[in-house]
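Notes follow once the structure below has been shown.
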Amino acid sequence: MSYQTVKGTYDLLPDRMVKFNILSDLFRQFLNLYGYGEIKTPVFEYTGVFQKENDTSDMVTKEMYTFSPNGKDSLTLRPEGTAGVIRSFVENKMYGNNELPIKLGYIEEMFRHERPQKGRQRQFTQMGIECVGDKDPLIDAEVIALGYFYIKTLGLQSVKVLINTLGDNESRLQYKKDLIDYFAPHKDELCYDCQTRMEKNPLRILDCKIDRDSDLVKNAPKMKLTENSAKYFEDVKHYLDVLGIPYEIDDRLVRGLDYYTDTVFEVVSTNEASGSQATIFGGGRYDNLVKEMGGPEISGIGFAIGVERLLILCDAEEIFDIKNSLDCYVINLNEDPDYALSIAEELRNNSFSCEMNYYKRSLKAQFKSSERKNARFVLIIGEDEVKEGTITLKDTLTKAQESVKRDELTDRLDQLMEDYYE
RNA sequence: GCGGACGUGGUGAAGUUGGUUAACACACCAGAUUGUGGCUCUGGCAUUUCGUGGGUUCGAGCCCCAUCGUUCGCCCCA
């Protein structure tokens with residue numbers, strides 16, 4: 001019997017895990033820099049957390065991993081980060097006990113039953129933030145800044161920021177009406193999907209890959225923003241300018257879920273290695289979500305970064321400079337391993353990373369191992385050394401070799417390392 | 001969910017209209033060099049085995065069907 005990973009899932013092996021950790025460690029640093037606390041919510045929630053009753057999005061139903069362990073409760077593996085965090089925000093009444101806004105960040109696995117593709121797995125990881133409890137253009141700009149400067153600090157070049165506004169509730173409702181009025185007489189000219197989108201969410205027609213280049217869509221009316229909403233967007237752009245964040249306005253950028261209001265944004269890759277999954281991260285402001293989740297009427301904003309996609313891009317731009325290194329490798333030529341074993345442990349107790357040879361192999365083979373492991377120092381132990389209570393120590397950088405007494409070993413290693421860096 | 005491509009050792013891969021011994025390279029192991037690696041040379045290295053299961057054939061890695069997986073695009077991307 002042989003097994004393999006479930007379609008769309010993968011093992012994160014040590015080499016890749018190192019890169020993964022670089023990405024998440026830096027993200028945690030950024031959370032800290034901007035005053036975000038890390039949160040972990042359950043991997044599964046009641047299905048209702050992710051699926052609202054009057055959700056008009058196209059996808060939510062078929063792409064979720066929903067199950068019922070007892071035939072009663074409907075549970076779902078989380079397909080995204082925001083809903084669970086907002087549920088937690090409301091459930092723990094964070095809006096009451098603390099100064100607002102509350103800033104939360106997460107790095108967690110998500111599950112979507114989609115057809116796998118490059119940069120799209122069924123289990124994948126997102127790093128995201130949510131800033132909940134207040135609405136101000138400064139916050140929007142800061143949220144984008146956190147994501148943008150994170151990406152930049154990683155060293156990525158081929159990315160650009162797209163922003164748009166979906167307007168506040170008032171302007172948006174009016175815009176939906178305007179669009180329906182505009183498209184209705186031309187319904188036949190739209191693709192099949194867009195004809196149904198017209199009823200549910202006409203905003204998505206603007207984002208349609210089939211129709212987006214048609215004159216009909218190009219000439220569609222723009223949103224008439226309310227005065228407040230227009231000013232809000234102007235302020236966000238102004239603050240981005242102040243922060244030195246370059247952006248493009250993409251008035252057809254309409255994030256998939258319809259809980260977004262006002263500011264929406266995406267960071268996309270212009271590197272072809274990303275394939276068709278070019279969006280590295282996306283997010284936006286949501287005025288209504290907290291209330292829909294049973295909380296007070298307060299606004300929030302957040303984004304999520306697809307870590308696997310980010311990793312693909314980082315590999316393509318070769319931003320990782322990873323060298324595994326080991327301080328000491330203990331070669332043992334003696335029949336009895338006791339001496340070598342105790343030396344290895346003594347080194348580790350003194351914070352030197354150390355590996356040793358486990359079984360009888362030729363000296364040459366053991367040296368090869370030490371080289372593969374990129375060991376700085378090679379310690380040779382044979383009958384003579386055991387008898388005399390010494391270690392033959394070889395510095396692989398200077399190739400110098402010396403005999404060291406056992407109780408002077410760690411001091412000597414410290415000294416050699418210091419000397420080298422001077 | 002739909003359409004195209006692909007699936008050969010640890011890795012990258014050759015394999016011509018089905019024809020008998022699955023190339024080549026890297027990596028790995030051993031030796032030359034019996035306590036000193038990196039270079040060189042020599043030898044070894046795919047349990048009838050080509051994702052898996054059936055079928056056609058005297059004969060299949062090559063053809064057919066199914067299945068699993070990967071990949072590119074569509075859909076979607078919370």
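Letters go in sequence order (proteins before strands), and every chain restarts at 1.
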Task: Quiz item: cation-pi between A:Arg87 and A:Phe89, 6.0 Å / 45° - done: no
TODO: May I ask you to check whether A:Glu45 and A:Thr76 show a side-chain donor-acceptor distance below 3.5 Å?
DONE: no
- [ ] Quote, to the nearest angstrom, the P distance that separates B:U42 from B:A5.
- [x] 44 Å
- [ ] Taking atom P in both B:G51 and B:G61, compute the distance separating them and give it to the nearest angstrom.
- [x] 10 Å
Task: Whole-Å gap separating C1' (B:U70) and CD (A:Glu308) - done: 17 Å
Task: Donor/acceptor link under 3.5 angstrom from A:Gln366 side chain onto base of B:U36 - done: no
Open item on the list: Any base atoms under 4.0 Å from A:Lys399, or only sugar-phosphate, or nothing? Heavy atoms, all strands.
Closed with: base
Open item on the list: Taking the C1' atom in each of B:G38 and B:G10, what is the distance between them to the nearest angstrom?
Closed with: 22 Å
- [ ] Could you work out which one of B:C74, B:G69, B:G31 sits closest to the side chain of A:Arg120?
- [x] B:C74
Task: Rounded distance in Å - NZ (A:Lys373) to C1' (B:G38) - done: 17 Å
- [ ] Would you mind classifying the nucleic acid contact of A:Gly302 as base, sugar-phosphate or nothing, using non-hydrogen atoms under 4.0 angstrom?
- [x] nothing
Task: Sugar-phosphate only, base, or nothing, as touched by A:Thr392 at under 4.0 Å among non-hydrogen atoms - done: base
Open item on the list: With ring-ring contact (aromatic ring centres under 6.0 Å, His included) as the rule and sequence neighbours excluded, what pairs involving residues 360-393 of chain A come up?
Closed with: none
Open item on the list: Just the rounded figure in Å: distance from P of B:G37 to CD of A:Gln401.
Closed with: 11 Å
Open item on the list: Taking the basic N atoms (NZ, or NE/NH1/NH2) and the acidic carboxylate oxygens, is any pair closer than 4.0 Å for A:Glu114 and A:Arg122?
Closed with: no
Task: Least distance between heavy atoms, A:Leu225 atom then A:Gly167 atom - done: CD2-CA, 3.6 Å
Could I get a table of every N or O pair under 3.5 Å where one atom is in the protein and the other is in nucleotides 2-6 of chain B?
from : atom 1 : to       : atom 2 : distance (Å)
B:C2 : N4     : A:Arg115 : NH1    : 2.6

TODO: With heavy atoms under 4.0 Å as the rule, sort A:Gln121 into base, sugar-phosphate or nothing.
DONE: nothing
Task: Rounded distance (Å) that lies between atom P of B:C77 and atom CD of A:Glu266 - done: 11 Å
Open item on the list: Given a 3.5 Å cut-off on both pairing distances, which stems involving RNA chain B, each at least three consecutive Watson-Crick or G-U pairs, are present, if any?
Closed with: B:1-7 with B:68-74, B:10-12 with B:24-26, B:28-32 with B:40-44, B:51-55 with B:63-67
Task: In B:G9, glycosidic geometry as syn within 90° of 0 or anti otherwise - done: syn
Task: Of the listed nucleotides B:C77, B:U36, B:U70, the one nearest the side chain of A:Arg112 - done: B:C77
- [ ] Please work out which of the three classes, parallel, tilted or perpendicular, describes the rings of A:Tyr182 and A:His186, given edges at 30° and 60°.
- [x] tilted
- [ ] Please assess A:Lys103 against A:Glu142 for the test salt bridge (charged side-chain N to carboxylate O under 4.0 Å, His left out), listing each intermediate value before the final yes or no.
- [x] CA-CA 11 Å; A:Lys103 300 178 182 178; A:Glu142 188 182 276; 3.2 Å; yes
Open item on the list: Taking the basic N atoms (NZ, or NE/NH1/NH2) and the acidic carboxylate oxygens, is any pair closer than 4.0 Å for A:Arg348 and A:Glu345?
Closed with: yes
Open item on the list: Under a plain distance cut-off of 3.5 Å, with no hydrogens placed, do A:Thr125 and A:Glu308 share a side-chain donor-acceptor pair?
Closed with: yes
Open item on the list: Here's a test of your reading of the structure: between A:Thr9 and A:Glu371, which maps to the more 5' nucleotide of RNA chain B?
Closed with: A:Glu371
Task: 5′-ward residue of the pair A:Phe111/A:Lys394 relative to RNA chain B - done: A:Lys394
TODO: Please tell me which of the listed nucleotides, B:A78, B:G38, B:U36, lies nearest to the side chain of A:Lys364?
DONE: B:G38
Task: Atom-to-atom span, CZ of A:Phe265 to C1' of B:A78 - whole angstrom - done: 14 Å
Check nucleotides 25-29 of chain B for protein N or O atoms closer than 3.5 Å to its own N or O atoms and list the pairs.
from  : atom 1 : to       : atom 2 : distance (Å)
B:C28 : OP1    : A:Arg372 : NH1    : 2.6
B:C29 : OP1    : A:Arg372 : NH2    : 3.0

- [ ] Write down the distance separating the P atoms in B:C45 and B:A23, rounded off to the nearest Å.
- [x] 11 Å
- [ ] Under the side chain to side chain contact (heavy atoms under 4.5 Å, CB included) rule, collect the residues that match up with A:Glu402, sequence neighbours excluded.
- [x] A:Leu393, A:Val404, A:Arg412, A:Leu416
- [ ] Using a 4.5 Å cut-off on heavy atoms from C-beta on, say whether the side chain of A:Leu240 contacts that of A:Ile245.
- [x] yes
Open item on the list: Given B:G37, B:A78, B:C72, identify the nucleotide with an atom nearest to the side chain of A:Glu63.
Closed with: B:A78
- [ ] Measure the distance from NZ on A:Lys7 to C1' on B:U52 and round it to the nearest whole Å.
- [x] 15 Å
Open item on the list: If I take atom CG in residue A:Leu397 and atom P in nucleotide B:G38, what distance separates them, rounded to the nearest angstrom?
Closed with: 17 Å
Task: Nucleotide B:G37, atom P - distance to CG of A:Asp395 in whole Å - done: 17 Å
Open item on the list: Is the distance between the ring centroids of A:Phe27 and A:Tyr150 under 6.0 Å?
Closed with: yes
Task: Listed once per pair and sorted, the side-chain hydrogen bond (donor to acceptor under 3.5 Å, both in side chains) pairs that draw on residues 16-26 of chain A, sequence neighbours left out - done: A:Arg16-A:Asp315, A:Lys19-A:Asp315
Task: Rounded P spacing from B:G9 to B:U48 in Å - done: 15 Å
Task: Nearest-neighbour nucleotide for the A:Glu114 side chain, B:G37, B:C77, B:U71 considered - done: B:C77
Task: Pairwise C1' distance, B:A14 and B:G7 [rounded to whole Å] - done: 16 Å
Open item on the list: Once you apply a heavy-atom cut-off of 4.0 Å, does A:Gln4 come out as touching a base, just sugar-phosphate, or nothing?
Closed with: sugar-phosphate
Task: Nearest-Å distance once atom P is located in both B:U57 and B:C62 - done: 16 Å
Open item on the list: Looking only at the side chain of A:Met64 (C-beta and beyond, no hydrogens), which of the listed nucleotides B:U71, B:G35, B:A78 gets closest?
Closed with: B:A78
Task: A:Lys160 to A:Tyr148 six-membered ring, cation-pi geometry met (6.0 Å, 45°) - done: no
Task: Euclidean distance for P, B:C28 against B:G37 (whole angstrom) - done: 16 Å
